[in-house]
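Let me begin by presenting the structure, written as structure tokens, before commenting on it.
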Amino acid sequence: MDHQSTLALDTDQAAQFFELGYLVLPAFLPADLVERLEPEVDRWVDSGLRDRSIAACLDPESFGTPAVLEIELAAHGELVGHPPLLSIIARLLGPDFVFHHMHSNRQAPGSAGKEWHHDYEQGPHADRSKIMVHALHYLGGLDRTVGALAILPGSHRELAGKRARAHLGTAEIPGEVVIDELPPGSTVLLHSALFHARRPSPAGRRGERYMVDSSYCQCGVSWPPVKPYWRHLLARGRALGLDGGQWPELFAERHFAEYVKPN
């Protein structure tokens, strides 16, 4: 799919997202953006920036605010506000939505999978009136050797906790769909309440698995932040002009509740 063709979703694509909870956009990101993102992911992982970011979330009293955020890497910041992506988000969420967070990682051959879970942050899990979306960007694409993405269509309509299926590990479950054949630069949009899992990648496979995900929330409720330094994150998004001057709510603090450290 040419990324320019996705500036507006057709009716069937939008209907699929709302009914099934996901949308696959093959080769969505332009090649030049992918080429700039990959070395930034390498820097994020190899320099210890990713580890320090995680430590700042697990023990904010000891580690404080990270010196570098994902969105401060040039191509990552560009990805947050990528106009074709935000045009699609606006089609699904409406014109008022806010950036929630970004994760960036590179997984080596033989990496463990990620058990069945969802990533919807509004809690307790009794209200799904507002939508949260995760955009999973697979820089090198996906194939059968790279740790496939398994999803459970329709499960975003369940009122269940994030780990309600974690006891299943990464096992196959009835009704699942496996996404394992995507070209480089592909994006999968998930309703954040959709259950999904990452299958383990076999040792000895070719290459590494580059994935960047960014998430966005529909305005109208107070969203729980997942990073203790969320105000700094939003402030940097505003200072860097990552909204492109087109999305005034994208980094607005008023859409968030206070941070609460997980138990």
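All residue numbers refer to positions in the sequence shown, counting from 1. What you see is a predicted model; the values in this text were computed from it and never measured. What's counted below: heavy atoms across the whole structure, side chains too, no hydrogens, waters or symmetry copies.
Taking the ring centroids of F97 and W247, they lie under the 6.0 Å cut-off. Aromatic rings from F256 and W230 are positioned such that their centres are separated by under 6.0 Å. Taking the six-membered ring for Trp and the full ring otherwise, the centers of H134 and H103 sit at least 6.0 Å from each other.
No side-chain donor-acceptor contact under 3.5 Å links N105 and Y210. Remark: the T65 side chain and the H232 side chain contain no N/O donor-acceptor pair separated by less than 3.5 Å. Between H117 and H196, the side chains place a donor N or O and an acceptor N or O closer than 3.5 Å (distance only, hydrogens not considered). Between the side chains of H76 and E70, no donor N or O sits under 3.5 Å from an acceptor N or O. Side-chain N/O atoms of S192 and Y216 include no donor and acceptor closer than 3.5 Å.
Between E121 and the choices K162, R128, K130, the salt bridge (Lys or Arg N to Asp or Glu O under 4.0 Å) rule is met once, by K162.
Taking both residues in full, the closest heavy atoms of G140 and E38 are given as N-OE2, 4.1 Å, listed atom of the first, atom of the second, then distance. Residue S186 comes nearest to A27 through the heavy atom pair OG-N, 2.8 Å, listed as atom of the first residue, atom of the second, then distance. Taking every heavy atom of both residues into account, P228 and P60 meet most closely at CG-CB, 3.8 Å.
Residues L149 and R198 form no side-chain contact, since every pair of their non-hydrogen atoms from C-beta on lies 4.5 Å or further apart. Annotation: side chain of S111 is not in contact with side chain of P200 (no heavy-atom distance under 4.5 Å). With contacts defined as side-chain heavy-atom distances shorter than 4.5 Å, the pair L242/I71 qualifies. Within the 4.5 Å cutoff, no side-chain heavy atoms of Y259 are placed close to those of R231. Inter-residue side-chain proximity for M102 and D213 is flagged as unmet; no heavy-atom pair is nearer than 4.5 Å. Counting only heavy atoms from C-beta outward, the side chains of L29 and H137 approach each other to under 4.5 Å. Between V80 and D243, the closest side-chain pair of non-hydrogen atoms is not below 4.5 Å. The shortest distance between side-chain heavy atoms of R157 and E19 falls below 4.5 Å.
Looking at R199 and E172, no side-chain N of the basic residue comes within less than 4.0 Å of a carboxylate O on the acidic one, giving no salt bridge. Between K261 and E61 there is a salt bridge, since a side-chain N of the basic residue sits under 4.0 Å from a carboxylate O of the acidic one. Taking a cutoff of 4.0 Å between a charged side-chain nitrogen and a carboxylate oxygen, E249 and R254 qualify as a salt bridge. The pair E78-R36 meets the salt-bridge criterion, since a charged nitrogen lies less than 4.0 angstrom from a carboxylate oxygen.
For the atom pair L233 CG and H100 NE2, the distance stands at 10.0 Å (nearest 0.5 Å). The distance from the CG atom of L20 to the CG atom of L194 is 9.0 Å, given to the nearest 0.5 Å.
Aromatic ring orientation, Y120 versus H191: parallel (interplanar angle below 30°, classes split at 30° and 60°).
Grouped with W116 in one hydrophobic cluster are L152, L168, I173, F195, the linkage being side-chain heavy-atom contacts under 4.5 Å among Ile, Leu, Val, Met, Phe, Trp and Tyr residues.
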Show your reasoning for whether side-chain contact (heavy atoms from CB on, under 4.5 Å) applies to Q13 and R91.
CA-CA 10 Å; Q13 288 176 305; R91 174 70 172 84; over 6 Å; no
